[in-house]
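Step one of this worksheet: look at the structure below.
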Amino acid sequence: MNTTDRSLKLYNTLSGKKEEFQPIVPGHAGMYVCGPTVYYNVHLGNCRTFVSFDIIYRYLMHIGYKVRYVRNITDVGHLSDDGEDRMAKGARVAQLEPMEVAQKYTVDFHEMMRIFNTLPPSIEPRATGHIPEQIEMVQDILKRGYAYERNGSVYFNVRKFDQENPGVYGKLSGRVLDELLAESRDNLKSQDEKDDPADFAIWMKGRPGDIMVWKSPWSVGFPGWHLECSAMSTKYLGQTFDIHGGGNDLKFPHHENEVAQNHGACGCAPARYWLHTNMLLLNSKKMSKSEGNTISPTELFSGDSPHISKGYSPMVVKFFMLMAHYRSTLDINDDALQAAEKGYRKLMETNKILQKMTPDADNYDGSESDTDREILALIDQAYSGMDDDFNTAIALASLNEAGSYVHKLANQQLAAPEVSPWVLERLKTVFNAFIFDIFGLLDDTETAGDNGAVEGLMNLILDIRAAARAQKDWATSDKIRDGLAAAGIAVKDGKEGTVWVKQV
RNA sequence: GGUAUCGUGGCCGAGUGGUUAGGCACAGGUCUGCAAAACCUGCUACAGCGGUUCGAAUCCGCUCGAUACCUCCA
């Protein structure tokens with residue numbers, strides 16, 4: 001597929017509008033997404049963000065872009081409320097070396113990404129592996145006069161930057177600097193060594209006993225959280241690149257400060273398109289550990305949580321995410337998950353039936369039927385949904401509608417010649433493309449890794465059952481059906497034969 | 001308190017000036033040895049109050065509610 005054949009629109013937070021995607025280098029796309037801070041098990045909300053960007057990554061590739069997707073691992077510099085480095089705090093609590101903590105939760109994060117069947121990014125840089133680049137960027141910002149040193153720490157001079165580059169600071173998050181200061185909460189106005197409350201640290205002097213510190217021209221210390229993304233995106237994607245993504249909650253201050261840092265260092269904007277995913281809610285409320293309104297991916301899969309009646313497979317959860325647009329809040333609750341589970345199974349089953357169909361070439365007269373046109377229109381609708389800011393909900397709805405033609409054909413409620421052989425082939429290709437390549441779903445109703453043994457056994461068993469049914473030996477037939485049901489396999493008799501599906 | 005986004009039928013959730021989203025649930029029907037599935041039909045909404053318009057769920061205003069953010073060694 002040629003990328004110039006289509007108009008892909010993205011909602012750009014920077015402009016607040018949908019814009020046509022025009023890459024810097026035609027046919028190529030550079031995308032940076034803020035990755036996790038690896039001080040604890042990955043949050044389910046984070047998973048949604050990474051699943052959303054995985055689909056964006058996959059779709060860009062599907063429509064022909066050569067994509068470089070960079071997603072970092074934050075393993076230093078992200079401070080918690082009490083000012084302690086999150087990594088160091090996690091380490092202290094668990095009595096581990098900071099790098100032990102980082103390793104543990106990086107492994108956990110990768111495992112979760114694998115479970116959700118997301119593709120690994122092209123590059124996954126770590127903050128601790130890019131200290132020289134970050135020091136260099138601090139130097140660039142100092143050189144251009146947008147930062148100052150105080151007692152071994154370096155602060156970004158937001159006021160001066162704003163005066164010399166009007167309209168840049170605050171554009172992304174829709175804030176006005178003066179209002180921002182006037183309206184900040186009183187308890188946050190504590191004084192410190194900064195010249196102005198709006199300033200933020202880009203290099204911090206380490207405290208006695210800190211382990212995660214590095215030598216720099218200013219002090220032995222560590223980089224500010226915001227700096228790592230600026231430094232690593234610049235290193236791997238260039239000073240200005242195509243897409244920067246992340247969760248909605250990172251807009252301010254993290255992304256706003258990133259923009260300021262990049263401008264401050266090179267005088268240019270980092271990304272042309274800023275994409276933000278929305279939050280995941282639980283029972284219509286934000287997830288909050290202190291109020292017990294939270295659920296981890298593991299609990300969601302196992303069902304070990306008071307919020308859900310049973311466990312849901314990772315693919316059901318992913319399908320559930322696909323039902324909503326990435327910019328909408330999505331409400332997790334038991335009813336919605338059950339609906340998603342049924343919807344997911346139906347789609348996978350429809351695809352299974354579709355892929356087994358063979359076109360009726362003998363009776364094909366070369367004409368295009370109304371059904372052909374309707375199916376083709378639905379395929380177009382699926383693609384134009386994705387082209388319109390990655391609207392997976394529209395794409396899914398289109399596949400569902402197209403799927404009803406598949407069942408009608410299978411049930412012979414629609415005559416086979418009504419669908420032209422090439423339209424059927426196209427539908428097969430499109431279903432596989434959307435389900436597996438773009439959405440990155442797996443068929444968790446299939447038994448993986450048995451080299452087809454189960455498939456072979458099932459074919460044999462169903463052959464025996466078919467023979468019994470042909471002789472109206474209902475006792476044998478039902479014994480097989482009930483036995484399989486007890487083993488977790490549902491048998492469904494259709495006009496074209498019997499299909500089976502594993503109940504997860 | 002400020003800023004932003006949002007408020008859609010029994011549930012989840014697209015759409016965003018005139019046209020059936022879709023899924024799940026529910027009811028009736030067709031098919032089937034029975035069951036399941038599938039297919040068909042039905043239920044059919046846009047928080048409230050005003051305004052703009054030939055026409056608004058969609059635009060504007062207000063009210064109510066929800067979510068996020070509001071850095072200052074996050």
Side-chain angles (χ1 to χ4, degrees), chain A residues 13 16 37 77-86 150-151 153 155 158 170 173-176 179-186 188-194 196-201 203-207 221-222 224-226 247-254 256-257 276 278-279 281 284-286 319-320 323-325 327-344 346-347 349-350 353 381 385 388 391-401 403-404 406-408 410-414 469 472-474 477-478 481-482 485 490-495 499 501:
Chain A
T13 309
T37 300
H78 193 169
L79 304 183
S80 57
D81 295 335
D82 54 13
E84 189 170 5
D85 185 288
R86 287 186 189 232
R150 288 282 180 283
N151 306 320
S153 291
Y155 296 97
V158 174
S173 56
R175 279 154 220 263
V176 178
E179 283 180 9
L180 211 145
L181 298 175
E183 289 150 10
S184 57
R185 290 183 301 216
D186 287 348
L188 294 171
K189 284 181 178 168
S190 60
Q191 258 313 346
D192 57 26
E193 59 195 16
K194 295 188 301 186
D196 190 286
D199 297 345
F200 58 91
W203 183 265
M204 280 172 274
K205 185 183 178 179
R207 294 183 293 198
F222 54 95
W225 172 42
H226 313 305
N248 209 213
D249 51 347
L250 296 181
K251 255 190 237 170
F252 190 88
H254 187 237
E256 197 67 80
N257 290 353
H276 288 100
N278 216 136
M279 301 292 105
L281 308 179
S284 307
K285 292 260 163 69
K286 68 167 178 175
F319 185 87
F320 171 69
M323 285 168 65
H325 188 96
R327 277 190 290 113
S328 300
T329 53
L330 176 59
D331 194 2
I332 282 216
N333 64 57
D334 204 52
D335 288 345
L337 285 167
Q338 290 203 10
E341 183 168 64
K342 291 214 172 189
Y344 163 72
K346 184 174 167 184
L347 182 67
E349 207 177 307
T350 302
I353 294 168
Q381 187 181 293
D388 185 14
N391 197 327
T392 51
I394 291 284
L396 221 42
S398 312
L399 293 189
N400 272 319
E401 283 199 70
S404 84
V406 172
H407 289 294
K408 276 183 230 182
N411 292 346
Q412 297 170 354
Q413 285 161 318
L414 189 66
R469 291 180 73 213
K472 299 195 192 295
D473 177 3
W474 309 127
S477 162
D478 289 353
R481 186 172 69 196
D482 295 345
V491 170
K492 295 166 186 179
D493 298 322
K495 282 205 168 116
V499 295
V501 64

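Here the nucleotide nearest the side chain of A:His407, chosen from B:U67, B:A38, B:C24, is B:A38. In the set B:G23, B:C12, B:C72, the nucleotide with an atom closest to the side chain of A:Ala339 is B:G23. The side chain of A:Ala336 sits closest to B:C12 out of B:G22, B:C34, B:C12.
Considering every non-hydrogen atom in both A:Lys251 and A:Ser173, the closest pair reads O-CB, 4.3 Å. Scanning both residues, A:Lys205 and A:Asn151, for their nearest heavy atoms gives CD-O, 3.1 Å. The two residues A:Gly403 and A:Thr350 have their closest heavy-atom pair at CA-CG2, 3.7 Å.
Mapping A:Trp474 and A:Asp199 onto RNA chain B by nearest heavy atom places A:Trp474 at the nucleotide closer to the 5' end. Checking A:Asp331 against A:Ala397, the closest nucleotide of RNA chain B that is more toward the 5' end is the one next to A:Asp331.
At the heavy-atom level, A:Leu330 lies under 4.0 Å from the strands shown only through sugar-phosphate atoms. A:Ala324 comes within 4.0 angstrom of sugar-phosphate atoms only, judged by non-hydrogen atoms across all strands, and of no base. Within 4.0 Å of A:Arg469, counting heavy atoms only, lies at least one base atom of the nucleic acid. Residue contacts for A:Gln381: at a heavy-atom cut-off of 4.0 Å it reaches no nucleic acid atom on any strand shown. The residue A:Lys346 sits close only to the backbone: its heavy atoms come under 4.0 Å of sugar-phosphate atoms, none of a base. Using a 4.0 Å heavy-atom criterion, one finds that A:Glu349 contacts the sugar-phosphate atoms exclusively. Backbone-only engagement by A:Asn400 is indicated by non-hydrogen atom pairs under 4.0 Å involving sugar-phosphate atoms exclusively. Within the nucleic acid shown, A:Val491 comes within 4.0 Å of at least one base atom, counting heavy atoms only.
At least one side-chain nitrogen or oxygen of A:Asn391 sits closer than 4.0 Å to the OP1 or OP2 atom of B:G15. OP1 or OP2 of B:C40 sits under 4.0 Å from a side-chain N or O of A:Lys408. Contact annotation: A:Ser404 does not reach the phosphate of B:A38 (side-chain N/O to OP1 or OP2, under 4.0 Å).
For A:Arg327 against B:C6, a side-chain-to-base donor-acceptor contact under 3.5 Å is absent. With hydrogens and angles ignored, no donor-acceptor pair closer than 3.5 Å exists between the side chain of A:Asp493 and the base of B:A37. Between the side chain of A:Asp478 and the base of B:G33 there is at least one donor-acceptor pair of N/O atoms closer than 3.5 Å. With hydrogens and angles ignored, no donor-acceptor pair closer than 3.5 Å exists between the side chain of A:Ser328 and the base of B:G13. Within 3.5 Å, a donor on the side chain of A:Arg481 pairs with an acceptor on the base of B:A35, or the reverse.
When A:Phe200, A:Tyr155, A:Trp203, A:Phe252 are each tested for a ring pair (Phe, Tyr, Trp, His ring centres under 6.0 Å) with A:His226, only one passes: A:Phe200.
Distance check on atom C1': B:U71 versus B:C46 gives 38 Å, rounded to whole Å. Between B:C49 and B:U8, the two P atoms lie 16 Å apart (nearest whole Å). Distance noted for atom C1' between B:U63 and B:A21: 31 Å (whole Å). Taking the C1' atom of each, B:G22 and B:G15 are spaced 11 Å apart, rounded to whole Å. The same atom, C1', is picked in B:G7 and in B:A47; the two are 6 Å apart, to the nearest Å. Taking the P atom of each, B:G2 and B:C24 are spaced 44 Å apart, rounded to whole Å. For B:C54 and B:C59, the C1' atoms lie 16 Å apart once the distance is rounded to whole Å. Comparing the same atom, P, in B:U58 and in B:U53 gives a spacing of 16 Å after rounding to whole Å.
A:Lys492 has its NZ atom 12 Å from the P atom of B:C39, to the nearest Å. Atoms OH (A:Tyr155) and C1' (B:A74) sit 14 Å apart, rounded to a whole Å. When the P atom of B:G13 is taken as reference, atom CZ of A:Phe319 falls 14 Å away, rounded to whole Å. Rounded to a whole Å, the CZ atom of A:Phe320 is 10 Å from the P atom of B:C12. Rounded to whole angstrom, the span from the NE2 atom of A:His254 across to the P atom of B:C70 amounts to 13 Å. Distance, A:Leu396 CG to B:C24 C1': 13 Å, rounded to whole Å. Atom-to-atom, CD of A:Gln338 to P of B:G13 comes out at 15 Å; the value is rounded to the nearest Å. At whole-Å resolution of the value, NE2 in A:His325 and C1' in B:C12 are 17 Å apart.
Within the 4.5 Å cutoff, the side chain of A:Thr13 has no heavy atoms near those of the A:Asn248 side chain.
Interatomic distance, CG of A:Leu337 versus CD1 of A:Ile332, reported as 5.5 Å (0.5 Å rounding). Of the inter-residue distances, the one linking A:Met323 atom CE with A:Leu330 atom CG reads 8.5 Å to the nearest 0.5 angstrom. Here A:Phe320 contributes atom CZ and A:Asn333 contributes atom CG; the two are 6.5 Å apart, rounded to the nearest 0.5 Å.
Pairing partner, B:G61: B:C49, with both Watson-Crick or wobble hydrogen-bond distances short of 3.5 Å. With both pairing distances under 3.5 Å, B:G1 is matched to B:C70 as a Watson-Crick or G-U wobble pair. The nucleotide B:A38 finds its pairing partner in B:U30, both defining distances of the Watson-Crick or G-U wobble pair being shorter than 3.5 Å. For B:U44, there is no paired base (Watson-Crick or G-U wobble, both distances below 3.5 Å). Nucleotide B:U19: unpaired (no Watson-Crick or G-U wobble partner with both distances less than 3.5 Å). Base pairing analysis places B:G10 opposite B:C24; the two distances defining the Watson-Crick or G-U wobble pair are each below 3.5 Å.
Using the six-membered ring where Trp is involved, A:Trp225 and A:His254 have ring planes that are parallel, under 30° apart on the 30 and 60° scheme.
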